[in-house]
Chemist: 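Please find one structure pasted underneath; my questions will follow.
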Protein chains: 2
Amino acid sequence: MGATKTDHFTLQQNELASLAKALGHPARIAILEVLLKLDSCICGDIVNELPLAQPTVSQHLKELKTAGLIKGNIEGNSICYCIDAENWNKYKELLSAFFGQLALKTNCC
Amino acid sequence: MGATKTDHFTLQQNELASLAKALGHPARIAILEVLLKLDSCICGDIVNELPLAQPTVSQHLKELKTAGLIKGNIEGNSICYCIDAENWNKYKELLSAFFGQLALKTNCC
DNA sequence: CTTTATCATCGTAATATTGCAATGAACAAA
DNA sequence: TTTGTTCATTGCAATATTACGATGATAAAG
């Protein structure tokens, strides 16, 4: 064991969990914050901003890309990463809807 | 290696990542959905709702509790779990603020 | 006191994640 | 062509997560 039983849960549950998992590392939060802050998309400058080696950052970028949170464009020699605005807003709604489910009444505990 | 370099990131980054990590499993999403749906707080009925063994569910509950997303009260023989409304709304704001950072302009990629 | 029910904890196996050195691929500049 | 720059990929070691059987703790029921 050790493998998540993905097929036992609904698509929505897996989708939300998958998004959260991608956000579940401080380095990936930091990467997203860098991309949010900058007007122009930078490339390998992300590596310089983080206390991690280049392969490690590259790996985190890959995960963020797989999750759909960022996009990457080749620009000459270097590569330009930025937030995937469309998915970003979709995920924003998804999380907002999830957290908005709580009824206003005081809980029993 | 294999350990996250928590001390290299800011408190805010770690806090957000920690919350996301707690949400990063379909079983934990499912548990939260059960607790959100029910008026009265149930206890071990959560186990019956999920395709997982009791110790596994108990472990997930512990993680959600540690993250501050749920609370647990002893109620006679059984235990009553429910959403921690105060933290829930705090986290809602936290995520909303994070996702709200995206500027409206079209991205360069 | 004994039994049953409910839930947590322990121990362990399987798998996933994190991190980096080494290497590779692609392109620009000399 | 050779060199340097940029980033991805590979391979590996350390650690974390997931899952569950077995067991323990606690309280209600008999």
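Keep in mind that what you see is a predicted model, and the values were worked out from it rather than measured. In what follows, every chain begins at residue 1, and chains take the letters A, B, ... in the order their sequences are listed.
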Chemist: Using the 3.5 Å cut-off, write out each protein N or O paired with an N or O of nucleotides 7-12 of chain D and the distance between them.
Modeler:
residue: dC7(D); atom: OP1; partner: Gly44(A); partner atom: N; Å: 2.9
residue: dC7(D); atom: OP1; partner: Ile79(A); partner atom: N; Å: 3.3
residue: dC7(D); atom: OP2; partner: Gly44(A); partner atom: N; Å: 3.2
residue: dA8(D); atom: OP1; partner: Tyr81(A); partner atom: OH; Å: 2.2
residue: dA8(D); atom: OP2; partner: Ser58(A); partner atom: OG; Å: 2.6
residue: dA8(D); atom: N7; partner: Gln54(A); partner atom: NE2; Å: 2.8
residue: dA8(D); atom: N6; partner: Gln54(A); partner atom: OE1; Å: 3.0

Chemist: Give a yes or no on whether the backbone of Leu69(A) and the side-chain of Asn87(A) come within a donor-acceptor separation of less than 3.5 Å.
Modeler: no

Chemist: Using atom types as modelled and distance alone, determine if a side-chain donor or acceptor of Glu93(B) lies under 3.5 Å from a backbone N or O of Lys90(B).
Modeler: no

Chemist: I need the residues from residues 5-27 of chain B with at least one non-hydrogen atom less than 4.0 Å from DNA chain D; give them sorted by number, or say none.
Modeler: Lys21(B), His25(B)

Chemist: To the nearest Å, how far apart are Leu50(B) CG and dT18(D) P?
Modeler: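 Atom-to-atom, Leu50(B) to dT18(D), this comes out as 14 Å.
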
Chemist: Using whole Å, what does the distance between atom P of nucleotide dT17(D) and atom CD of Glu63(B) come to?
Modeler: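 One finds 7 Å between P of dT17(D) and CD of Glu63(B), rounded.
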
Chemist: Would you please classify the geometry between the Phe9(A) ring and the His25(B) ring as parallel, tilted or perpendicular, with 30° and 60° separating the classes?
Modeler: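 Rings of His25(B) and Phe9(A): perpendicular, over 60°.
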
Chemist: Quick test of your reading: applying salt bridge (charged side-chain N to carboxylate O under 4.0 Å, His left out), list the pairs with at least one residue in residues 20-35 of chain B, sequence neighbours left out, ordered by first then second residue.
Modeler: Arg28(B)-Glu63(B)

Chemist: Heavy atoms under 4.0 Å, any strand shown: does Thr4(A) hit a base, just sugar-phosphate, or nothing?
Modeler: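 The answer is sugar-phosphate, as Thr4(A) gets under 4.0 Å only of primed atoms, P, OP1 or OP2.
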
Chemist: Are the side chains of Leu52(B) and His60(B) in touch, meaning some heavy atoms are under 4.5 Å apart?
Modeler: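 A side-chain contact exists here, since the closest heavy-atom pair is under 4.5 Å.
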
Chemist: Could you check whether Leu52(A) gets within reach of a base, just the sugar-phosphate, or nothing at all, counting any heavy atom under 4.0 Å?
Modeler: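 Sugar-phosphate contact only.
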
Chemist: Roughly, in whole Å, what's the span from CZ in Arg28(A) to C1' in dT17(C)?
Modeler: 8 Å

Chemist: How many Å lie between CG on Asn73(B) and P on dT26(D), as a whole number?
Modeler: 18 Å

Chemist: For Glu86(A), does the CD atom have more than 12 heavy-atom neighbours from other residues, nucleotides or ligands under 6.0 Å away?
Modeler: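 Counting other residues, nucleotides and ligands, CD of Glu86(A) stays at 12 neighbours or fewer.
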
Chemist: Main chain of Ile83(A), side chain of Trp88(A): is a donor-acceptor contact present, judged purely on distance under 3.5 Å?
Modeler: no

Chemist: Are Leu94(B) and Leu11(B) connected in a single hydrophobic cluster, I mean Ile/Leu/Val/Met/Phe/Trp/Tyr linked by side-chain heavy atoms less than 4.5 Å apart?
Modeler: no

